[in-house]
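Working notes, beginning with the structure itself.
Keep in mind that this is a model prediction, so the values were computed, not measured. Proteins get letters first, then strands, A, B, ... in listed order; numbering begins at 1 in each.
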Amino acid sequence: MTSGLLQFGPEELAAITPEIILSAAGCLLILLEAFAPRSRSWFATISLAAVAGSLMMLLKAPAGASFGGRLETSTLTSLMGMFIGGTAAIAILVAKNYLRRTGEERGEFYALLLWGHVGVSLLTRGLDLLVIFVGLELLSLSFYVLAGIFRTIPASSEAGLKYFLTGAFGSAFTLYGIVFLFAKSGSVRLSALSQVGLAHDPLVIFGLLLLLVGFGFKMSVAPFHAWAPDVYQGMPTPAVTYLSVAPKGASILVLYRVFTAVFQGGLPDRFRLAVVALAILSMTLGNVVALAQRDIKRLLAYSGIAQMGYVLIALAAFGRDALAAVVVFFFAYLASNAGAFAAVAALFRDETKPHPIGLLAGEGRRSPFAAGVLALCLFSLAGIPATAGFIGKFFLFKAAVDRGLYALAIIGVVNSLVSIGYYLKIVYIMYMRDPIDDERPPRLPLSDGLALGLCGILIFALGIFPSKLWELARGAADSFPFFGP
Amino acid sequence: MAGFPIDRIVFDLATAVAVLFAGVMVVHHHPVKSVLALVVGFFALAVCYVMLWAPFIAAIQVIVYGGAILVLFLFVLMLLNVGSETRSAGSRRPVQTLLSGAALLLFAGLLLGLLRHGGSAIANGSQGPAAAEIAPLARLLYSDYLLPFEALSVLLLAALVGAFVLARREAGP
Amino acid sequence: MIGGIPLNDVLLASAALFTIGVAGALLRRSAITIFLSIEVMMNAANLALVGYGAALGTREGQIIVFFVIAIAAAEASVGLAIFVALFRHTETIDVNEIHLLKW
Amino acid sequence: MSAIPLWVIPALPLAGFLLCLLLGRRLGKGFVSAAGAGSVALAAMAAYARLIPFVRGDHAPVIERISDWITAGPFSVDLALRLDPLSALMVSFVTFVGFLIHLYSIGYMSHDETDAGYARYFAYLNLFMFSMLVLVLASNFLLMFVGWEGVGLCSYLLVGYYYDREYAANAGRKAFVVNRIGDFGFLLGMFGIFGLFGSLDFGTVFGAAASDPARFAPYLTAVCLCLFVGAMGKSAQVPLYVWLPDAMAGPTPVSALIHAATMVTAGVYMVARCNVLFRLAPDAMLAVAIVGGMTAIFAAVIALAQNDIKKVLAYSTVSQLGYMFLACGVGAYVAGMFHVMTHAFFKACLFLGSGSVIHAMGGEQDMRKMGGLRSKMPVTFWTFLIATLALSGIPPFAGFFSKDAILAGVFEDGRYVLFGVGVLTAGLTAFYMFRLVSLTFAGRFRGTAEQEHHLHESPTTMTIPLIVLAVLSVVGGWVGLPRVFSETGDRFGAFLAPVFPALPGRREGGLAHGTEWLLIALSTAVAAGGLLLAWKWYTRDAGREPEAIARALPGPYALVRDKFRVDEIYDAVIVRPFRLLARGLWKVVDVLIIDGILNAGAFLVELGGDLLRFLQTGNVRNYALSFFLGVVALMLFVIGAF
Amino acid sequence: MTALLGRHLLSVLIFLPLAGGALLLLFPKSAAGAAKAFALALSVLELALSLPLWMRFDPHMPGFQFAERLDWVPSLGISYSLGIDGISLVLILLTTVLTPVSLLFSLSHVSKSVRAFSFAFLALETGVIGTLCALDVALFYVFWEVMLVPMYFIIGIWGGSRRIYAAMKFFLFTMSGSLLMFLAILYVAGRHRALTGEWSFLLSDLLRVSFAPEVQTVLFLAFALAFAIKVPVFPLHTWLPDAHTEAPTAGSILLAGVLLKLGVYGYLRFALPLFPDAAMRYAPWVGLLGVIGVVYGALVAFPQKDMKRLVAYSSVSHLGLVVVGIAAWTSTALAGSVLQMVNHGLSTGALFLLVGVLYERRHTREIGAYGGIAGIVPVTTGLFLVATFSSIGLPGLNGFVGEFLILLGTWTSSHRWWSVVAATGVILSAVYMLTMVQRVFWNPLVHEENRSLPEIRPSELIAAAVLVVLMVWIGVRPNDVLERIRPSVDALQASVNARRVQAHAAVLPEPAGRRR
């Protein structure tokens with residue numbers, strides 16, 4: 001615990017600049033919206049620049065903990081910054097045309113997205129439960145609003161309500177968990193959690209459980225998943241693009257940080273079993289229910305639930321390799337899941353209606369590029385080799401097998417078999433069914449094309465040359481602070 | 001501090017009131033009455049905070065919670081003109097109620113069991129009533145807790161803009 | 001002991017409040033009441049935080065509570081805005097009636 | 001002059017095959033006739049160019065290795081040809097008879113066939129010659145098997161030559177499938193041989209077996225039985241004979257060449273070739289003899305009541321093949337091979353003669369619609385009669401000598417029951433053959449007026465082969481005179497002797513002259529009796545007597561006429577259950593069980609999804625509840641443990 | 001260029017089709033014909049490039065030839081490691097032959113999304129050749145799975161009426177096996193790491209690891225399942241009739257001709273050497289399933305009404321025989337099995353091609369819709385007959401040699417009765433194939449529309465003729481192929497047997513001069 005008062009020095013400034021850039025860009029957009037609405041067509045560019053600038057500053061920031069050990073700058077945060085920044089960039093690219101098409105191209109959308117991004121960024125960097133909580137709430141509040149931002153569309157408002165109510169409910173549990181961790185360690189700093197004895201304190205375990213629940217909620221892990229399908233369906237697709245990817249990665253990282261702080265050596269058996277149970281439930285429920293979905297956004301929501309089950313495998317495996325696997329997995333997930341939503345945004349042109357899969361019939365020939373990338377993303381999500389998704393799963397399952405979690409790994413692969421069922425369903429509808437009408441699709445806008453292209457390239461790049469990323473992630477995991485010997 | 005535990009009695013009374021009115025809030029079918037019940041409950045909690053050497057918190061509890069948040073609730077209720085929850089055909093959800101009840105009982109039991117342990121395990125603090133001073137609190141906020149505080153400002157801004165975006169009346173351009 | 005108040009009393013009260021909050025969230029149908037119940041849950045956390053803070057002799061407990069109250073206020077503003085926006089479509093905030101998105 | 005390499009002999013018909021196949025359609029019948037018959041003529045010349053010096057020489061086996069063929073692990077086999085007395089014998093009459101039948105076919109096939117069909121016919125026929133020559137010239141079992149299956153293929157193709165007639169197509173398929181059953185045995189036999197001797201080369205295998213009988217004998221019974229199953233298929237023995245009568249669906253020259261003269265005797269050739277092995281397995285020999293004897297009489301009985309001229313000849317062939325196996329089974333291999341040769345002459349002559357008749361009758365094969373053809377077709381009649389006498393075993397025709405040799409062999413071996421069977425069969429043979437001759441050539445014409453008008457003698461390309469074969473049916477037997485006539489008369493036996501080496505501990509001897517005279521008298525008498533009875537019943541009495549018998553014994557008569565209903569029995573016992581089993585496996589195991597389980601699994605998962613989906617009620621309170629239940633469950637599980 | 005072809009011939013062979021296929025996407029939509037021709041030319045070029053492989057392959061050199069090695073994920077010891085022995089060599093050649101044949105056939109028959117079609121085939125070729133060359137288990141797995149995707153599209157887009165069901169079934173079935181193999185691979189590599197401290201997925205390294213018997217059993221079963229599904233071994237075969245039947249002709253050719261073999265190949269290359277004890281312990285069961293497959297496939301083929309389905313079941317039967325040969329584990333049977341894979345590829349490929357010829361003209365695969373067409377389409381008939389006789393093992397054609405070697409080799413093993421039962425396939429195959437021939441080409445011509453059936457086109461004729469020539473060549477000169485197979489098979493057998501002897505030594509000693 002620091003006793004002296006902290007000074008805001010250049011170190012702190014350098015560390016926080018990324019977040020400042022984002023927040024300021026958000027403010028700028030609000031101001032432009034209010035006073036220079038003609039500049040709207042530049043909003044996406046400004047946002048992209050902010051994300052890029054923020055990422056650049058993050059990469060340049062000196063490594064180490066600042067703000068009295070509350071904010072981390074390290075290889076890991078850089079990697080995560082790239083991950084969430086990438087997600088944000090894709091989301092913004094998707095938003096560009098989507099918003100123009102729906103007539104909602106306004107500064108608030110981008111501003112809220114950027115502010116939410118700040119929250120996620122804090123989640124990935126926070127070494128302090130309070131920072132984490134504030135980050136979580138910043139993220140949540142922004143996305144409550146983004147969920148309901150289409151006030152003219154009932155589904156959007158309903159999504160806002162549902163996300164808000166369940167989110168607030170979940171946050172309350174998270175907060176209650178934080179209370180007990182604070183109570184037992186006497187501080188909100190994660191480093192305080194590594195005191196001897198805490199690992200066996202029931203209250204600490206309880207607090208950790210509540211955090212698991214709260215962040216599990218953000219990751220949409222069953223049984224805390226129920227919001228996801230409804231919210232994804234009603235939420236504007238660009239926002240889902242972000243929400244379905246970046247916060248999940250940040251959340252698992254938070255869990256990893258907190259758990260390693262307390263347990264260091266390894267999870268206690270019961271706790272590990274609990275995580276395993278959640279993983280199995282999540283994979284199974286997600287995959288099985290996804291089979292029955294008819295709306296592609298709901299389907300992707302369930303797919304996400306299942307994918308988070310796989311991620312929990314890595315949490316159960318709990319080790320440096322597993323952590324690195326999580327990082328790699330999320331890069332893959334970024335490419336494939338964000339890419340899938342980007343494709344959905346490009347392929348569905350009427351936002352006031354649901355997104356039934358059947359509408360995709362024949363898109364393989366009508367919109368070859370978007371459909372192709374969607375198919376690629378789905379194959380990647382299904383874990384077919386030479387795509388990023390395979391690499392992600394490769395490392396996850398490797399971590400599980402190395403840790404001896406054979407049953408979990410087997411359940412995992414059986415589940416991914418089930419998942420192929422619905423991923424391929426979309427593919428065959430796109431490629432093997434005739435289109436339902438003769439309407440010629442409009443040209444794919446540049447921004448969408450860019451987003452899709454980036455995802456496609458990333459999927460292959462990562463699928464074929466995973467080595468560099470893995471080594472980076474492994475190095476980052478090596479410097480992860482709390483793992484015991 | 002020996003003798004008659006006046007602190008404790010006041011505290012327990014205040015918590016009893018808070019819990020009671022929270023309960024009232026939950027069982028009342030009319031939202032306005034629920035809000036009003038909660039106002040009482042939150043005031044009672046403010047008393048508790050005072051007893052726990054946190055007058056500053058007590059103050060913002062009264063001002064922010066009692067004064068701002070609940071008033072906002074009332075305002076919205078009036079705006080929307082929401083009446084009491086009506087019983088419609090679909091409103092009876094016995095499964096939901098039963099499961100909720102059972103789960104709540106279990107949860108309460110587990111929580112109580114846990115907290116019985118929890119109370120005794122803490123090292124006794126050294127600061128005592130000095131914690132009630134507000135100035136050090138402020139210094140902490142602007143130094144040690146600068147980061148969350150800054151983040152909080154963004155959060156408030158986001159909430160502001162968000163609320164504005166959502167509640168705007170005119171349809172999008 | 002905080003002064004003369006045993007920490008257990010505080011925690012007990014907090015647990016009771018939290019449970020009541022959960023109960024309200026689960027059992028009520030009006031979105032506003034549900035949200036009120038969630039506020040009660042957060043207050044339960046606040047109470048425990050202040051209690052622990054005092055018992056530990058640190059100001060951090062109060063600081064957290066300060067943040068929580070601020071966040072609660074922000075949440076309330078956003079939440080109520082969402083209710084208002086939704087109400088314009090559905091003319092109700094009874095969550096039993098709001099199930100456009102399902103299955 | 002250096003000798004023509006052996007491989008040239010089969011290669012010539014192969015070239016003919018390719019020419020006919022690839023160019024025949026375009027270049028027309030003249031080209032096909034030249035290429036088809038010419039290549040066989042060349043092959044025959046080449047063969048005789050090699051054979052004559054060989055016969056004059058010391059009869060030592062000649063092995064000509066063409067190249068390596070298959071090598072894998074310890075297994076190795078070469079493409080190599082073998083010329084020894086046995087293969088020389090086979091090559092001599094295969095090429096010769098083959099050439100005659102090609103010649104005959106030019107006339108027979110020229111009328112009603114398109115260019116394409118004509119080319120196809122000669123292509124198949126040439127391919128057959130190639131395969132048959134490979135079969136007999138092969139120097140190892142595997143190469144022999146190549147020819148073995150090749151002739152089967154050609155039989156299949158030629159039987160099904162009239163592919164657009166369902167019965168012909170069926171018959172072709174049946175021929176191939178039944179042959180395959182035999183081949184199954186042959187394959188197992190080869191495996192056994194390789195397992196025992198580590199080689200499939202004739203020289204190696206027989207040499208090893210002869211040099212150390214005690215070591216191999218215990219295993220050879222099984223091996224020989226397997227080989228014999230192969231021979232049974234190819235040579236139409238009971239119970240695998242059923243394909244041969246049906247095979248008459250093919251063009252008649254084909255029946256003459258393949259299903260009378262050459263291919264069907266391949267089984268006998270194979271057993272004779274493996275005589276060393278068989279002689280070391282007496283039980284297998286006995287089986288061969290019994291199967292041969294049974295087949296001989298069984299087919300002869302069926303032949304009694306057939307009205308289709310080719311069917312009679314077909315059953316006769318089956319019966320005669322039984323005779324040959326009977327000979328092999330009692331160790332009279334020379335007699336067996338002798339009969340193979342003579343049978344080739346007279347049976348080919350008979351078939352070609354019947355072809356001439358059918359040709360004249362415009363495709364009619366029912367003898368009840370013939371009669372009195374003697375005057376219209378004198379050449380055909382006389383050659384046919386000669387061949388019939390030869391088949392019936394009337395001295396001094398060829399068949400007499402070979403049949404007598406067989407009966408003598410059986411008697412010598414002490415198999416008196418089988419001897420009785422043989423004698424009886426001889427009588428039956430004479431009877432049904434004269435029945436055939438009587439019905440066809442004697443009496444009045446019983447067909448339509450149009451047919452009568454059309455009756456004519458066949459062209460010279462067809463009659464020349466008939467005459468040549470008739471001559472051979474007369475003189476062909478004189479190469480193997482029994483010892484009672486001349487101690488050195490059995491030049492045939494002497495020639496083949498190296499192929500049937502003496503084995504240690506085997507008795508070799510001969511019958512007393514008196515006994516042999518007796519046997520000759522007996523067989524001649526029986527044959528003459530059958531012949532006269534048939535002449536009396538069918539020529540003089542115009543078939544009244546047989547009709548009376550048939551009326552008196554309707555059951556047995558019908559049974560014989562319907563060929564003992566063997567086809568029907570096979571259909572009920574094998575074919576139908578097979579179809580049922582196949583269909584059952586498909587519908588039950590594949591569709592119902594395996595796919596059923598998989599589809600049920602997939603269905604259950606999907607059903608699960610469909611049901612679980614409704615947990616997502618859309619009601620936020622339920623979501624909160626599921627969340628909370630999760631929390632409580634986790635707490636119970638994790639905290640409950642503390 | 002020469003260096004590229006000289007030292008990286010395998011890489012060139014693997015990636016040339018894919019890279020060339022990518023160029024296809026540059027063709028304008030209207031230039032369908034040009035795209036087809038380009039793809040065909042590319043596949044012929046590939047064939048031409050694979051010929052040096054055949055010529056320069058030295059059968060007497062031990063180990064893998066044309067080897068290449070690059071680090072891929074060095075920290076995990078995953079490498080891009082290629083090399084071939086005789087077994088892979090013949091299968092690669094089979095692939096490079098069958099791909100142009102398929103494309104040549106499709107030249108006049110595919111009109112829907114031509115560029116994508118050609119690309120799918122070229123991508124498939126890449127996947128197959130990659131699978132056959134990979135010496136790193138992870139690399140192998142990647143290629144192994146990648147193959148599925150183009151095939152899925154080929155069946156699903158250009159297939160028959162039940163194509164979607166068939167494509168899904170194909171994908172899920174195959175995937176279900178490989179996923180468990182995937183875990184097993186991870187385990188094996190992890191074990192190598194645990195024992196040596198170094199990560200490696202290189203087959204040659206993993207061969208140094210040995211496992212406790214129970215573990216080995218589990219791992220073996222995981223591998224074997226993946227391969228058994230691909231082969232397919234009874235009772236895991238039911239995807240095959242659907243996939244073969246619904247796939248477009250060219251797809252069926254490659255599916256039956258090449259893809260099925262990869263199951264056997266994987267078993268030989270990975271499952272057997274990695275888990276020799278378990279493999280030997282379970283060999284009786286493998287052989288039993290193979291024998292059942294032989295008889296069962298033949299029986300079930302018989303009542304089929306759909307020509308392609310019949311041929312598909314015949315594949316079950318034939319590959320059952322190949323499995324028997326491998327389970328028998330004698331040098332002769334193994335060589336026969338490898339040869340028989342090539343044979344089956346040629347004969348079944350030709351059968352599918354010729355069925356396709358008929359299908360493209362009449363748009364039905366019902367046997368009952370034909371009959372008596374031998375006179376209408378004599379050339380097709382003749383070719384079909386040759387393919388049929390190759391398939392049922394007529395001596396003089398290729399099928400016989402393989403069949404005979406397998407049966408003979410099995411006979412000399414300790415499981416003589418397998419040979420006896422499997423040899424009944426000789427009879428049964430004649431029954432079902434000839435029945436089909438009779439009902440399609442022979443018998444009276446009853447359907448008038450068949451009277452105007454056009455004869456085979458030159459492009460199709462060339463495609464079929466190539467296969468027929470190869471059938472005859474292998475039938476007459478099987479040693480040309482066998483001499484390349486034999487040393488590899490013997491080496492495989494020797495190494496597996498040697499490893500069995502040394503079982504239970506935790507890690508085998510490392511030879512000097514090992515990498516790093």
When C:Leu86, C:Ile20, C:Val22, C:Ile71 are compared by non-hydrogen pairs under 4.5 Å with chain B, the top option: C:Ile20
Close side-chain approach of C:Thr33 to B:Val35, heavy-atom, < 4.5 Å: no
Test log, rule side chain to side chain contact (heavy atoms under 4.5 Å, CB included), inputs C:Val10 and B:Phe11: CA-CA 9 Å; C:Val10 183; B:Phe11 179 83; 3.5 Å; yes
Contact leader toward chain B among C:Ala25, C:Gly79, C:Ser14, C:Ala23, where contacts are heavy-atom pairs under 4.5 Å: C:Ala23
B:Leu70, part contacting chain C, at a heavy-atom distance under 4.5 Å: side chain
Verdict with reasoning, B:Tyr65 to C:Glu39, per side chain to side chain donor-acceptor pair (under 3.5 Å): CA-CA 9 Å; B:Tyr65 255 122; C:Glu39 294 286 357; 2.7 Å; yes
C:Glu60 and B:Tyr145 side chains, donor-acceptor separation under 3.5 Å: yes
Side-chain donor or acceptor of C:Arg88 paired with backbone N/O of B:Ala167 under 3.5 Å: yes
Between C:Ile63, C:Ile32, C:Leu17, C:Val78, the one whose heavy-atom pairs under 4.5 Å with chain B are most numerous: C:Ile63
Spacing of C:Gln62 atom CD and B:Leu140 atom CG [to the nearest 0.5 Å]: 10.0 Å
Residue pair B:Leu115, C:Asn8: steps toward the side chain to side chain contact (heavy atoms under 4.5 Å, CB included) verdict: CA-CA 7 Å; B:Leu115 293 184; C:Asn8 265 345; 5.5 Å; no
Partner chain C: residue of B:Asn81, B:Ile69, B:Thr15 with the largest heavy-atom pair count (under 4.5 Å): B:Ile69
Minimum-distance pair of heavy atoms, taken over all atoms of B:Leu72 and C:Ser77: CD2-CA, 3.9 Å
Engaged part of B:Ala22 at the chain C interface, taking heavy atoms whose separation is under 4.5 Å: both
Interface residue of largest heavy-atom contact number with chain C, from B:Val64, B:Leu141, B:Leu156, under 4.5 Å: B:Leu141
Pair B:Tyr49-C:Leu47, side chain to side chain contact (heavy atoms under 4.5 Å, CB included): steps then yes or no: CA-CA 7 Å; B:Tyr49 294 151; C:Leu47 184 57; 3.9 Å; yes
Side chain, backbone, both or neither of C:Glu91 within contact of chain B (heavy atoms, under 4.5 Å): neither
Closest-packed option against chain B by number of heavy-atom pairs under 4.5 Å, given C:Ile34, C:Asn43, C:Thr92, C:Leu80: C:Asn43
Closest contact, heavy atoms only, C:Ala76 versus B:Phe73: CB-CE1, 4.4 Å
Backbone N/O of B:Val26 and side chain of C:Arg28: donor-acceptor pair under 3.5 Å: yes
Choice from B:Leu155, B:Leu111, B:Leu104 maximising heavy atom contacts with chain C below 4.5 Å: B:Leu104
Between B:Pro148, B:Ala18, B:Cys48, B:Ala158, the one whose heavy-atom pairs under 4.5 Å with chain C are most numerous: B:Pro148
Portion of C:Phe66 that has a non-hydrogen atom of chain B nearer than 4.5 angstrom: both
Heavy-atom pair count under 4.5 Å with chain C, highest-scoring of B:Leu80, B:Val76, B:Val19: B:Leu80
Contact summary for C:Ser30 and B:Pro31, nearest pair of heavy atoms: OG-CG, 4.3 Å
Test log, rule side chain to side chain donor-acceptor pair (under 3.5 Å), inputs C:Asn46 and B:Gln61: CA-CA 10 Å; C:Asn46 286 351; B:Gln61 172 83 358; 4.9 Å; no
Which atoms of B:Phe149 approach chain C - backbone, side chain, both or neither, heavy atom under 4.5 Å: both
Atom of B:Gln96, atom of C:Leu26 and distance for their closest heavy-atom approach: NE2-O, 3.1 Å
Portion of C:Ile93 that has a non-hydrogen atom of chain B nearer than 4.5 angstrom: side chain
Shortest non-hydrogen contact between B:Ala108 and C:Thr19, atoms and distance: CB-CG2, 4.0 Å
Distance in Å, B:Ser34 OG paired with C:Leu36 CG, rounded so as to fall on 0.5 Å steps: 6.5 Å
